[in-house]
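Note: hydrogens, waters and symmetry copies are ignored here, and every other heavy atom, side chains too, is used. Chain letters run A, B, ... following the sequence lines, proteins first and then strands; every chain starts at 1.
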2 protein chains.
Amino acid sequence: MTAIPWLTQLQENGYRLTEARRAVVETVQGSTHALTPLQVFDLARKKYPALGLVSVYRTLEKLEELHLIQRVHQPSGCQAFISAGSGHQHLLLCQNCGKVEFFEGDDLEVLTEAIARRTGYQIKEHWLQLFGLCQNCQ
Amino acid sequence: MTAIPWLTQLQENGYRLTEARRAVVETVQGSTHALTPLQVFDLARKKYPALGLVSVYRTLEKLEELHLIQRVHQPSGCQAFISAGSGHQHLLLCQNCGKVEFFEGDDLEVLTEAIARRTGYQIKEHWLQLFGLCQNCQ
DNA sequence: TTGTTATTGAAAATCAATTTCAATTAGAGA
DNA sequence: TCTCTAATTGAAATTGATTTTCAATAACAA
Ligand SMILES: [Mn+2]
Ligand SMILES: [Mn+2]
Ligand SMILES: [Zn+2]
Ligand SMILES: [Zn+2]
């Protein structure tokens with residue numbers, strides 16, 4: 001719920017703790033919606049008006065590198081980021097407001113094995129994403 | 001196997017049949033790999049050297065609009081296109097060479113209903129994509 | 001064959017993302 | 001606390017993909 005663990009992890013990986021980073025981290029960490037770099041910029045500038053857009057890109061890059069955030073692919077575009085789920089998880093996205101939920105417990109073993117057999121592919125991983133309307137947007 | 005149905009469908013939708021379009025359509029229609037606009041350009045120019053990159057973008061736009069091609073999302077980027085599957089299908093992609101296979105027969109009913117109940121979302125659709133290595137690339 | 005209008009490719013414009021750079025600042029060590 | 005240095009900053013320039021503009025061309029209906 002707090003941004004401190006992310007800031008700590010940045011520091012533990014040799015990155016310095018700055019105002020710009022703090023603003024970006026607090027913005028992304030606390031969001032229940034996937035945010036584009038520009039959206040992060042607009043929100044984070046409220047916390048730290050001197051922030052430059054470049055620092056948003058640079059911080060997002062580091063957060064992705066540390067697997068603290070992940071890119072969200074949508075029909076409307078693939079530039080948005082959200083706090084990464086822990087372990088093997090999948091996304092459920094609201095088509096209207098972009099609200100994100102994680103879920104796990106899909107069981108694709110049987111399916112992937114059948115497809116591997118039929119196609120001759122060696123299957124390594126999968127993407128599963130659900131789209132719909134959140135309670136607010138129905 | 002032939003590009004004629006696509007060309008016919010373009011014509012039926014009021015679009016004229018030109019050399020540029022024919023070259024792009026033949027290139028994309030016949031490919032087993034997802035192709036970026038630039039890859040389409042390079043391949044289609046062999047058929048029609050006067051082709052401009054702009055016409056590639058414009059033709060891909062129309063083919064997507066008619067649901068003859070679909071965008072392919074990958075960790076490495078989301079600009080590539082492939083012939084669209086018919087009906088409800090999913091993709092299996094080779095992580096090495098980009099070869100694409102379609103499959104169907106996933107059964108996510110139980111899963112999506114459980115998640116709908118738990119999250120309160122009304123689930124409308126899903127994306128399922130498998131990644132691996134094709135026979136050639138293993 | 002003719003006329004209209006969609007389509008073309010080249011060039012210019014746009015837009016997001018990246019790189020460059022000189023000034024600033026975090027934070028390690030004294 | 002003070003000093004030093006390398007990381008970080010935001011502005012500006014650059015890049016690269018995509019879109020728009022435009023005058024010339026060509027598809028195709030009549
Ligand atoms: Mn899974
Ligand atoms: Mn399905
Ligand atoms: Zn919503
Ligand atoms: Zn392959």
So, under a plain 3.5 Å distance rule, would you say the side chain of B:Arg16 forms a donor-acceptor pair with the base of C:dT5? yes
Any side-chain to backbone donor/acceptor pair from B:Arg21 onto B:Leu7? Under 3.5 Å, distance only. no
Starting at [atom1] of [X] and ending at [atom2] of [N], how long is that distance when rounded to a whole Å?
{"X": "B:Lys62", "N": "C:dA6", "atom1": "NZ", "atom2": "P", "answer": "11 Å"}
{"X": "B:Tyr15", "N": "D:dA26", "atom1": "OH", "atom2": "C1'", "answer": "18 Å"}
{"X": "A:Asn13", "N": "C:dG27", "atom1": "CG", "atom2": "C1'", "answer": "17 Å"}
{"X": "A:Gln79", "N": "D:dA17", "atom1": "CD", "atom2": "P", "answer": "15 Å"}
{"X": "B:Glu61", "N": "C:dA6", "atom1": "CD", "atom2": "P", "answer": "16 Å"}
{"X": "B:Glu12", "N": "D:dC28", "atom1": "CD", "atom2": "P", "answer": "13 Å"}
{"X": "A:Leu63", "N": "D:dT8", "atom1": "CG", "atom2": "P", "answer": "13 Å"}
{"X": "B:Leu51", "N": "D:dT25", "atom1": "CG", "atom2": "C1'", "answer": "16 Å"}

Side-chain contact, heavy-atom cut-off 4.5 Å: B:His126 with B:His90? yes
Side-chain N or O of A:Thr18 versus OP1/OP2 of D:dT9: is the shortest distance under 4.0 Å? yes
Presence of B:Arg58 side-chain N/O under 4.0 Å of D:dT20 phosphate oxygens OP1/OP2: no
Where do A:Tyr15 and A:Glu65 land on the side-chain hydrogen bond (donor to acceptor under 3.5 Å, both in side chains) test, with the steps shown first? CA-CA 12 Å; A:Tyr15 297 121; A:Glu65 184 185 301; 2.8 Å; yes
Take A:His88 and A:Asp106, measure what side chain to side chain contact (heavy atoms under 4.5 Å, CB included) needs, and give me the verdict at the end. CA-CA 10 Å; A:His88 179 81; A:Asp106 64 306; 3.9 Å; yes
Just call it for [X]: base, sugar-phosphate, or nothing, with non-hydrogen atoms closer than 4.0 Å on any strand.
{"X": "B:Gln11", "answer": "sugar-phosphate"}
{"X": "A:Leu38", "answer": "nothing"}
{"X": "A:Leu53", "answer": "nothing"}
{"X": "A:Glu19", "answer": "nothing"}
{"X": "A:Phe41", "answer": "nothing"}

Does the plane of the ring in B:His73 sit parallel, tilted or perpendicular to the ring in B:Trp127? Use 30° and 60° as the thresholds. tilted
Hey, which sits more toward the 5' end of DNA chain D by its nearest nucleotide, B:Leu17 or A:Val56? A:Val56
